[in-house]
Amino acid sequence: MRTHTCGELRLAHAGEQVALCGWVAHRRDHGGVTFIDLRDREGVVQIVFHPEDAPAAHAAAQELRGEWVVRIMGVVRERPEGMANADLVTGAVEVAATSVEVLNSAETPPFVIEDRTEADELLRLEYRYLDLRRPEMTRGLRLRHEINRTIREHMDPLGFLEVETPVLTTATPEGARDFLVPSRMFPGSFYALPQSPQQLKQLLMVAGQDRYYQIVRCLRDEKPRADRGLEFTQLDVEMSFAEEEDVMAVIEPLYARIVRETQGADVSTPFRRMSYDEMLERYGSDKPDLRYGMELSEFTELFEGSGFTSFAKVAADGGAIKGLVAPQGAAALSRKELDKLVEDAKGRGAAGLVWIAVEDEGALRSPVEKFLSDEERTGILERTGAGAGDLVCLVADRIDRTNVALDGLRRDLAARLDLISEDRWEFVWYFEPPLFEWSDDEVHPDPRSADPGTRLRGLGVVARRDRGEVRPPDPRVPLRSPAPRGDRVGDRPVGHADGREGCDP
RNA sequence: GCGCCUGUGGAGGAGUCCGGUCGUCCUCAUCGCCCUGUCAAGGCGAAGAUCGCGGGAUCGAAGCCCGUCAGGCGCGCCA
């Protein structure tokens, strides 16, 4: 059927008779000579039809349209002087067609099948088979493949067995809500799909399977977010007789290798290490993006008894006043954008946000400028080191809300001010996550670990890049299914996710 | 569960604050004609839309008000 893929042809193939199969990406008709860009998964190559050299093929080419599937016979040749296309890996050559066979015609696609497509994701999901033809989507699939392959190559020599655990399990009472699968054999009972395969770890560890891993799907029936779908893939590593350093000695080289082999970027090891508390103090988040600065500073005691009464009240009530400096933020942001920062902070649950623009000569411009004492002005400038053109943003609220608002602000400002080095990777280990977390009305166990054994020595790793953690930058790229439509009853499926009694299997 | 935003020819957007000149415009796609070296080809032309849906105020609505549906982002939730 075919002798080569479209994307593999190079100068070395010149002179060869080839047969190619692929999709018509573009047709360029010059009235005489006509070009087709033929695409398959491996890439794109230019096909040229000359009316004199191959009249039949040239005539057939006039009928071709976008996304038709064709088989081309022809001869690979070096492109004429000056006609090479450096943007294509196959750009040094072209295929002079001698015949065309239409394998399938196609309707006009509803959106452009190229990386530059701007079609709404809903439309792309509706025509998933078209969307997946886009090179970007192919890259996503390939990236996932490369990551998985790298993991397997890395883990095997270290003595880890790759295991599989059941997909149909029983519900566990903690953590996320389970997806449920009704059982035909046990009417009225449900299987639960795993939120995380770690729930099966004790079984294997106690059984003496002291080093294993799995690349495994996790499913959580929780409200999705931009960076979080209902299902995702996790690398689950378990090891017995290990200290923290042993775990890190396995993971750090693996992650560094994944980044090197799939992104071509170097990651320095050992990774940074930080306590959970320090992370929250400095970044307001347990998954901070460390590719840029804008660390948070604390001002709570500076505003104790302040004439700016709303801040003074927060300080008196045990809240926190924290802030950050956006370098040249005052110079870059319009008044409208500044107002938007305040609205976004409120949208994230904080009482508000106070921005202070530092002007030349250290003068301050702010909606609350007249409430600030001289001591507070110098205190703010000294602690932040803010200079002319910088923008200081302060949030005063209960500590958790202050952190949420400033974490969001920090990310928004980094994007707005173009502070993110996209090709950089910054990992960090964090230690000592809390055993309990505060809720509005109670204290309850922190759900981040289902296993009391690891809770005492919590250990997590975070690599903040784009929206992902250690996974493709856009987690929606590979393998996502369209959201289920209809057939929903309220917010949750019919059934009982949290108790054990409904889960015989 | 809550908040904010969005919905305009096949795709993406402008127009909406401040009603009439708007089914007006831009880029891409589609169709036709021209064109023998382009590669997001180019030139000329054409076709294509009950402005998400329903109701209301108005002489008059894409625009204002109410409702509703769909989607996005964030909070809660979630590791």
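Below, chain A is the first sequence line, B the second, and so on; all start at residue 1. Note that this is a predicted model, so its numbers are computed, not measured.
- Judged by distance alone with a 3.5 Å cut-off, a donor-acceptor contact links the side chain of Arg77(A) to the base of rG37(B).
- Between the side chains of Glu63(A) and Trp68(A), no donor-acceptor pair is found at a separation under 3.5 Å.
- Centroid-to-centroid, the aromatic rings of His30(A) and Phe35(A) come within less than 6.0 Å.
- Comparing rA62(B) with rU24(B), their C1' atoms are spaced 12 Å from each other, to the whole Å.
- When each of rC77(B), rU38(B), rC39(B) is scored by its nearest atom to the side-chain atoms of Arg177(A), the top-ranked nucleotide is rC77(B).
- Residue Arg348(A) has no polar side-chain atom (N or O) positioned under 4.0 Å from OP1 or OP2 of rG76(B).
- Between the side chain of Asn403(A) and the backbone N or O of Leu406(A), no donor-acceptor pair lies under 3.5 Å.
- Each of rC39(B), rC28(B), rG37(B) was ranked by its minimum atom distance to the side chain of Val48(A); first place goes to rG37(B).
- Across the C1' atoms, rU68(B) and rG7(B) are found 13 Å apart, a figure rounded to whole Å.
- In this structure, a donor-acceptor pair under 3.5 Å is absent between the side chains of Ser285(A) and Arg411(A).
- Stacking between His30(A) and the base of rG37(B) is absent under the criterion of ring centres within 5.5 Å and planes under 30 degrees.
- Between the P atoms of rA61(B) and rC17(B), the separation comes to 14 Å (whole Å).
- The base of rC39(B) sits within donor-acceptor range of the side chain of Arg79(A), with an N or O pair under 3.5 Å.
- Taking only side-chain nitrogens and oxygens, His26(A) comes nearer than 4.0 Å to OP1 or OP2 of rA41(B).
- The side chain of Arg225(A) lies closest to rG74(B), out of rG74(B), rG37(B), rA70(B).
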